[in-house]
Each structure stands twice: as structure tokens, then as C-alpha cells.
Undergrad: 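Sharing a structure with you now.
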There are 2 protein chains.
Amino acid sequence: MKITISDIAKQAGVSKATVSRVLNHHPEGVGAEKRAQIQAILNETGFQPSGFARGLATGKSHSIGLIIPNITNPFYPLLVRGVEDALNRAGYSLFLCNSDGDLVKEKDYVRVLMEKGVDGVILNSAASDCDCQLDLLEAQGVPYVTLDRIIEGQVLHYGVFLDNREGARLATKYLLSQEGCRLAFLNGPADHSQSKLRVAGLDDVVKEEGLPLSSVRFFQGDDSIQSGQLLIGEALDTWKQGPDGIDLPFNAVFAGNDLMAIGALRALKLYNVKVPEEVQVIGFDDIELAQLVEPALSTVSQPTFEMGSRSAELLLQLINGKKPRTKTVTMKPTLVLRGTTKNLNN
Amino acid sequence: MKITISDIAKQAGVSKATVSRVLNHHPEGVGAEKRAQIQAILNETGFQPSGFARGLATGKSHSIGLIIPNITNPFYPLLVRGVEDALNRAGYSLFLCNSDGDLVKEKDYVRVLMEKGVDGVILNSAASDCDCQLDLLEAQGVPYVTLDRIIEGQVLHYGVFLDNREGARLATKYLLSQEGCRLAFLNGPADHSQSKLRVAGLDDVVKEEGLPLSSVRFFQGDDSIQSGQLLIGEALDTWKQGPDGIDLPFNAVFAGNDLMAIGALRALKLYNVKVPEEVQVIGFDDIELAQLVEPALSTVSQPTFEMGSRSAELLLQLINGKKPRTKTVTMKPTLVLRGTTKNLNN
DNA sequence: CTGTTAGCGCGTTCAG
DNA sequence: CTGAACGCGCTAACAG
């Protein structure tokens, strides 16, 4: 049988209340001697309070939920680690949920998490056009933070984001400012807020440079290696079948994530197109893999780990009733030039 | 204020017990009409029972804890996903803990998890020579399963493992059976059970083939790309500084994991050694990355996802009081030949 | 078939 | 400074 607080109380010859007070480090209410004595017994017995009982009494669980699409996507491990580290530092535990970008699953997870009594949730939501998952949270007053993806709705939620527009700007500026650049823009799913922001960034640059919109060709991928390879492969294929001596359909690729960029790289290699001499490629995210492919992938780097830890810290603030000055924190991406770009100005 | 079971009871004009019965789908004890009516109210109100109260009353949380070294290591995401999928299917939630291979952290996590009232834990422990983490679990009778690493101790625990010995056998047999093979064996941390089993597998093959032990050179890495690159790089360096015309110190590398193998590949490339012509390389694990490097890495593949889900299923059985026939399930590795081996017999 | 009752283990008033 | 008593929300015996 598990040892309870009354066992301790009996053993120390005091009441449960007194034990509870030293257990929770309440500064007042217990004499120094008694406190020390009880503490000793606590240590000896290795007493562990019941989270259930404590939760029932206090309404807090010291656990939070994190919902992401899929830990198997190489972007997420670092993010998750950032979250876990920050939480652990603060004495919180983490429920991990993989939603597969499925709104129904996402909602189910939210419901389950609330039943478990989580003190808050961090949501990297699948869609950006529905906030029904959030209604549940909102209804019960459970604090939450959105991560990386903006969920459109009436209210602006607390969240931490990457400045995707700026990221796209950095990459496309680099590419389009080069003489005679014909860009292939390989974007992610259209309903993701990130994708939308990236085309905005691209538009910025196109206008700045006074370019015709025909100078960029759009492709719609799904953030997977396969889609990148397929799309670029197809484009290359129709080109190859055309009359000889004709130019490549593009000489630069900007992909919405590194996975698609790597897919593009593969297609390029299959068609014996030289990178970066004939076609330059820039990805997005800067996952670990980007440094490991050959040639190493130039990419828009985001501080993934920090985004995770910042979101956890933001949530912790909300949980502790502090109103953070700003509802959202926006992190800045940087352009990392490696082997898939010509790196002229270095 | 949160809505409780008595609110429902009042609203339906019945007692809490009755509501509880339909809530938990107890087949008996409630008439069909009343059941339907109560169910309706439950749905309308979107009532969510309190996990705390339920846990306190039943002693179960429907949550389990998973302790791994580091989700950031590319081996783990798939494993974790396997666990999560199996758990989710069974209505369980997952606490994720990163121990960094630190025994103290590991123990702390076990303690915290027990406080949270987890119904069981899956432990991918750092060390194989201490089972003090398990004492805590054992003392409270919390079911647990060890994963991938054998923890030495008096008792044999429930667990799922890969047959590392067989894996090493497959790889080294392939390499050493080739005429004039001089093998570099780049093993992981010596205190990991896997490492020990792999040298056993190697020994098997050396004996079988009647080879002198001098035909294999041992290196001690730490499972990181860096260590693989460093170790093989150093070996190559001393060779290069020697008299001209001398043979390479080895013509085959077997690494304890893919990361080190990839490190080795990098070193080899730096020294302009041709793979697989001059040196063949085989890794271990078959992480996604293995297919993406150039040339694609030949490796000993393990069913990582299945190992995760099997361990979760095993734990679930224990939780449900079923005594599985076998305490351990051992999964079989396969040799996947890709671009870093000569693949002669195909 | 249904309601009543008694805990589950802890935090927290409120008296003393 | 300390203890007694109540309540958190739910389940599980036990009556009826």
C-alpha cells in the first residue's frame, strides 16, 4: 500500500495539516524544530504525495500538453526539446501529442488533455483557418499558446512565431537580385499561415526589384521530400522533352522547407543539372539534415529550439497569472549560405 | 466554474452513481431510456470528467511515461511515434522525458512520473549497469518495460530489444567474408548493452571465419557524427603521414550507429578515399538520414517504429494484469545494402 | 434497476 | 504555532 500524508503525520505525532505545510514549503505555520523533524521523516520514507489528490485540491497538475503534427518530421524534435527543457526547468511535465495535421485528432487531444487537467497547452496547429480547437480551451479558461502557425480568428492569441515573410524576403531577395534570375517557388500547403506569409515576402521583393511576375513560377508542394522531387522533376521533364538548346525553365529554386529543397536537389541531380552553377537552391528551416546533404543546403535558418523554449516560458507566465507585455513574440530568421548557392558577395 | 457529475445528475433527476455508470459504459445498472437521456445531456453539455477525481478514486491515470535519452537524436522520433500511436489507440496519453543519458535525471523523472500517477513507464535507460531507477517503480508496483537497452540486475525485466548480436553478425559477416578484408569496428559507448552485444556478434564471425583477431581494429566512439569523423579521420591521418605506397589501415568500416558511419563517410571523403571501392561502410539503425546521404548508407536496419509500438503494447498488457507469455520480445535486424558497399552477390 | 454512502489523499480554512 | 474538519469530483460497495 502506498504511504500517505496521514501516515507521516502519525509517525511524527502531528496533524496532516502540519505535514502539508512543510511539504509545500510554506514559510509560516510550523516551528523550526518540528519542521526539521518532519522533513527528516519525509526524506527517510521517500514519501511521494499523490498528484491526483493534490490536483483535485489545488486544481493544478504541473503538466502541460504539446500538440504537434508529427514528431517524425525532422523539424519537430528540436522544437519539442526546447519546450521540454524549459518546462522541466520549471518543474512541469510534458504530454506529447501527434495530430498528423488532422483537425479532428487535434480536437480530441485537446479534450483529453483537459481531462487530464493540464495547466496549459502549446498548440502547433494543423490549419490556420479554424479555431474550434481553441474554443474548448477558451471555454474552460485553460491557458494556451500557439506555436509557429497563426490561427486566424476573432481574437489574436498568445503565441510565438517566426517572421516567415522576412524569411522569404531574405531568400528571394538574394536570388532575384541576381541578373537574369528565373525563380521556381516551391511553397508548402496553401492553407498554412506560413505559406501565405512567404508569398507575401516574395511579392515584396518582386515589387522592390521591379520585376515582372512572370519571372517566378509557382509550385504547390506538401512539405515532403517526395513532393519536392516530383514537382521539380516534372518541370525538368517537360523541359527536357522540348526543343533542344532551350534554357532551363528556372535557374533558382526557393522551397518552403528544407525537405522539399532536398527533394528538388535530388530531381536536379537526376537530370544532371549542376547545383549551384546552373540552378541555385535555398530551403527553409535549417534542419540538421541541411548540413548533411551534398552539397550542403543553403537555407533560411530559424531558431527552432528557442522557439520551443520561448513558447513554454510564455505559457508558464500565463499559467502564473502574469500578463506578458506582448501577446506574441516574433523570432527573426537568418539566411545561411552553404553549398547550393553561388555566394557571390562573400 | 467547471461542470461536474452532480450537475449532470441534478439536471437529469438521477443520482451521481447512475451518471457515473453511463459515463463509464457500465453495461448493467441503468435502464435503456434513462441511459439514452443521460447520454444526451452528457453530449449537450460537453461534460468532461475530472481526471484528478477519477484517478483518486480508481488509482489509474490512463497515462504512461516514456523516458529516452534525447528526442533530438534522429533515432528516437520514430520510436516515440510508435509508442504514441499504440498508446493513443488504447486511449492512453504519453509523458515524454529526455534524460540525456543522465542517471540522476532519469531517476528524477521516474519519481515525477510516479507522482503524476502514471500507470506504467517505458524506459530507454542510459546505463546498463544500474537498476536503481527501477527500484522505485518496483517498490510501488508500477509496471514498466525496458526498451532497446538491457539493464543488468538480479531480475530479468519485461522489455523489447533488438538482437544486436545478430545485427553485428550480419554486417561483419558480409564484410569479413570478403577476401582480404581489414575491418575497422567503430563501436558505441562501452557501457551500453548494445555495444557489448555487438562485439559478441563480431567475435562470432571472427571465429567462424577462422580469422586472426588482428584483422579487426577497434575504435571507441560516442554515437555522434563528430566522433565517427574524428576517429576515422585520425586513423587516416596517421596512415597518410606514413611511407608512401602503403595500404590503407582498413578497407571496411562497421559502425555501431548510422551517425558515426556518416561521420566516417565524411572523413573518408576528406581524405579522398573512394567509397565503396577502397573502403566499404556499414552503419547501424537505418535512420531516415541513411537514405539521404551520398552515397546512400548501407546499414543494419531495425524496426524502430515497431519496437516502440510493441513496447507500448507489452506495457499495456502488464497494466491490464495480463502476464505476457514471454518477458522479452526480441526483434530481428536486417542488412540493407545500399551505396556504401560493393554488393557483390546481387 | 437505482440511490445512498463512504472513501480516494491532499490543501485549506477556521478555531484554538 | 498547530489541529480538526471540510471539500475537491468521482467510483464502488452496499442497500433498497
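On a predicted model such as this, the values are computed, not experimentally measured, just so you know. In what follows, every chain begins at residue 1, and chains take the letters A, B, ... in the order their sequences are listed. We use all heavy atoms of the structure for the numbers below, so side chains are in, but hydrogens, waters and symmetry mates are not.
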Undergrad: Taking A:S20 for the side chain and A:K16 for the main chain, is one N or O donor matched with an acceptor at less than 3.5 Å?
TA: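 Side chain of A:S20 to backbone of A:K16, a donor-acceptor pair under 3.5 Å: no, none is there.
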Undergrad: Which sits closer to the 5' end of DNA chain C, B:G13 or A:Q48, going by the nucleotide each is nearest to?
TA: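 Between the two, 5'-proximity favours B:G13.
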Undergrad: Counting only side-chain N and O atoms of B:S20, is one of them less than 4.0 Å from OP1 or OP2 of D:dT11?
TA: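 So the side chain of B:S20 is within the cut-off, an N or O lying under 4.0 Å from OP1 or OP2 of D:dT11.
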Undergrad: Salt-bridge test for B:R149 and B:D191: reply yes if a basic N is under 4.0 Å from a carboxylate O, no otherwise.
TA: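 Looking at B:D191 together with B:R149, the answer is no, because their closest N to O distance does not fall below 4.0 Å.
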Undergrad: Which residue pairs pass the salt bridge (charged side-chain N to carboxylate O under 4.0 Å, His left out) test when at least one of the two sits in residues 305-315 of chain A, sequence neighbours left out?
TA: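 Pairs touching residues 305-315 of chain A that pass the test: A:R89-A:E313.
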Undergrad: Could you label the plane-to-plane angle of the A:H62 and A:Y92 rings as parallel, tilted or perpendicular, counting under 30° as parallel and over 60° as perpendicular?
TA: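 Ring orientation, 0 to 90° scale: parallel.
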Undergrad: Spell out, as yes or no, whether a donor-acceptor pair under 3.5 Å connects the side chain of B:D148 to the backbone of B:N124.
TA: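 Checking the backbone N and O of B:N124 against the side chain of B:D148, no donor-acceptor pair under 3.5 Å is found.
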Undergrad: Just the rounded figure in Å: distance from C1' of D:dG7 to NZ of B:K16.
TA: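 Distance check: B:K16 NZ to D:dG7 C1' gives 11 Å.
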Undergrad: Closer than 3.5 angstrom, by distance alone: can the side chain of A:S63 be matched with the main-chain N or O of A:L94 as a donor-acceptor pair?
TA: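 Side chain of A:S63 to backbone of A:L94, a donor-acceptor pair under 3.5 Å: no, none is there.
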Undergrad: Calculate the interatomic distance between A:M114 atom CE and D:dG9 atom P; express it in whole Å.
TA: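 Atom CE in A:M114 sits about 14 Å away from atom P in D:dG9.
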Undergrad: Classify A:V19 by what it touches in the nucleic acid, base, sugar-phosphate, or nothing, heavy-atom distance under 4.0 Å.
TA: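 Nothing, no nucleic acid heavy atom in range.
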Undergrad: When you measure from the side chain of A:N73 to the backbone N and O of A:F75, does any donor-acceptor pair fall under 3.5 Å?
TA: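 Between the backbone of A:F75 and the side chain of A:N73 there is a qualifying donor-acceptor contact (under 3.5 Å).
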Undergrad: For B:F95 together with A:F95, are the ring centres under 6.0 Å from each other?
TA: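 Yes; B:F95 has its ring centre under 6.0 Å from that of A:F95.
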Undergrad: Which nucleotide wins on minimum distance to the side chain of B:I5, given the candidates D:dT11, D:dT2, C:dG3?
TA: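 That would be D:dT11.
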Undergrad: For A:K105, does the NZ atom have more than 12 heavy-atom neighbours from other residues, nucleotides or ligands under 6.0 Å away?
TA: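 Above 12, so yes.
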Undergrad: Taking CD1 from A:I3 and C1' from C:dC10, how many angstroms apart are they, rounded to a whole number?
TA: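 After rounding, the reported distance stands at 14 Å.
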Undergrad: So what is the end-to-end bend of the helix from C:dC1-D:dG16 to C:dG16-D:dC1, with 5 pairs used at each end and the value given to 10 degrees?
TA: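 Axis angle across the helix from C:dC1-D:dG16 to C:dG16-D:dC1, nearest 10°: 40°.
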Undergrad: Would you mind reading off the distance between A:K10 atom NZ and D:dG3 atom P, rounded to a whole angstrom?
TA: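 Going from NZ in A:K10 over to P in D:dG3 covers 14 Å.
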Undergrad: Does anything in residues 50-61 of chain A come within less than 4.0 Å of DNA chain C? Heavy atoms only, and list the residues if so.
TA: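 Residues of residues 50-61 of chain A under 4.0 Å from DNA chain C: A:S50, A:A53, A:R54, A:A57, A:T58.
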Undergrad: How many whole angstroms separate atom CZ of B:R21 from atom P of D:dC10?
TA: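 Computing the B:R21:CZ to D:dC10:P distance gives 15 Å.
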Undergrad: Using atom CG of B:D7 as one end and atom C1' of D:dC10 as the other, report the distance to the nearest whole Å.
TA: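 Rounded to whole Å, this separation is 13 Å.
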Undergrad: Out of D:dT2, C:dG11, D:dT11, which has the shortest distance to the side chain of A:T18?
TA: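 Of the candidates, D:dT2 comes closest.
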Undergrad: Grab the CG-P distance between A:L23 and C:dT12 for me, whole Å please.
TA: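 Distance, rounded to whole Å: 11 Å.
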Undergrad: Rounding to a whole Å, what distance do you find between A:E115:CD and D:dC10:C1'?
TA: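 Rounded to whole Å, this separation is 12 Å.
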